[in-house]
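This report refers to the structure that appears directly beneath it.
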There are 2 protein chains.
Amino acid sequence: MSVLSGKWKFHILGTLIEGDKLGFMDLMREIEGIGTKMLSKELQDLEMNQLITRTVMNTKPVTVQYAITKHGKTLEPIIKELAKWGAAYRDSMTAS
Amino acid sequence: MSVLSGKWKFHILGTLIEGDKLGFMDLMREIEGIGTKMLSKELQDLEMNQLITRTVMNTKPVTVQYAITKHGKTLEPIIKELAKWGAAYRDSMTAS
DNA sequence: CAGAATCCATGCCGATACTG
DNA sequence: CAGTATCGGCATGGATTCTG
């Protein structure tokens, strides 16, 4: 299941699930810490695996929209669980 | 949530959840493909994060038992989901 | 059996600069 | 805006060997 490898895949998918239809810059802003290279690479991976779609708009400064596919949505419960678990995990660590 | 990074963490956790109390060799056999270095390293990671326990037995050739902790069990639903998803994903790819 | 140690290849991932 | 190109560091992870 190396489909979900990479530091950012889950985060990207999560962001895309919440806010449908996001542009490149939107993702950059939401994810915080990722660079253009990583983002575009991860995006390509996800597109290849048909978890997201990439749509180039015919506007002036050129915009692109990324969105979750039906297939990608099947990951929603997992991502939600993962997010919950992550939060709970952090809490339990506050015994520092 | 880089706690779950590394290629094998999920697989190890999954194996440990199904078959409670496994030795080093058991894991090697179950996981197939992993080497002693990776296995012991991942195991240490997981122990540090308190997801598994490591118990050294006082037997002749020395055996060690690894087991899931209560904390680790909270990951069970996620791992199960992930496994299901992985299977479904593979199926959907059989449109090659 | 359990694992640490060593050596080494791959590639992940980051910063910066450049293109359409 | 949305990337690609390039350079390079550092971590990941594999094969093999060695220890208690």
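All values reported here derive from a predicted model rather than from experimental measurement. In what follows, chains are A, B, ... by sequence order, proteins preceding strands, each numbered from 1.
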inquiry  = Can you confirm whether B:Tyr66 sits close enough to B:Thr55 that some side-chain heavy atom of one is under 4.5 Å from a side-chain heavy atom of the other?
reply    = no
task = Determine: side-chain N/O of A:Gln44 to OP1/OP2 of D:dG3, distance under 4.0 Å, yes or no.
result = no
task = On DNA chain C, check which nucleotide each of B:Asp26 and A:Pro61 is closest to and give me the residue with the more 5' one.
result = B:Asp26
inquiry  = Any heavy-atom pair between the side chains of A:Gln65 and A:Leu22 that's under 4.5 Å?
reply    = no
ask   = Distance check: side-chain N/O of A:Gln65 vs OP1/OP2 of D:dA2, anything under 4.0 Å?
value = no
request  = Nearest whole angstrom, please: distance from the P of D:dC1 to the CG of A:Asn58.
outcome  = 18 Å
message = In whole Å, I'd like the distance from the CG atom of B:Leu43 to the C1' atom of C:dA4.
response = 14 Å
query = Would you call B:Ile31 and B:Ile34 a side-chain contact if the rule is heavy atoms closer than 4.5 Å?
reply = yes
message = Using OP1 and OP2 only, check whether a side-chain N or O of A:Tyr66 sits under 4.0 Å from D:dG3.
response = yes
Rounded interatomic separation in angstrom, taking CE from A:Met57 and C1' from D:dG3 = 17 Å
Salt bridge present between A:Glu76 and A:Lys73 (N-O < 4.0 angstrom) = no
Sub-4.5 Å side-chain heavy-atom contact between A:Leu51 and A:Thr74 = no
remark   = To the nearest angstrom, the CG-C1' distance between A:Leu46 and D:dG3 comes to 16 Å
ask   = Does A:Met57 belong to the same Ile/Leu/Val/Met/Phe/Trp/Tyr cluster as A:Ile68, with side-chain heavy atoms less than 4.5 Å apart forming each link?
value = no
note = In whole angstroms, the gap separating P of D:dC1 from CZ of A:Arg29 amounts to 8 Å
request  = Using whole Å, report how far CH2 of B:Trp8 lies from C1' of D:dG13.
outcome  = 9 Å
request  = Answer yes or no: does a side-chain N or O of A:Thr36 lie under 4.0 Å from OP1 or OP2 of D:dA2?
outcome  = no
remark   = Whole-Å distance, A:Leu39 CG to D:dT4 P, equals 10 Å
ask   = Rounded to the nearest Å, what distance is computed from the CD1 atom of residue B:Ile12 to the P atom of nucleotide C:dA2?
value = 14 Å
ask   = If we only count heavy atoms from C-beta on, is the B:Ile52 to B:Ile12 side-chain gap below 4.5 Å?
value = no
request  = Would you tell me if any nitrogen or oxygen in the side chain of B:Thr63 comes within less than 4.0 Å of OP1 or OP2 on C:dC1?
outcome  = no
Strictly under 3.5 Å: I want the nitrogen or oxygen pairs between protein and nucleotides 8-12 of chain C, one per line.
residue, atom, partner, partner atom, Å
C:dC12, OP2, A:Lys41, NZ, 3.3

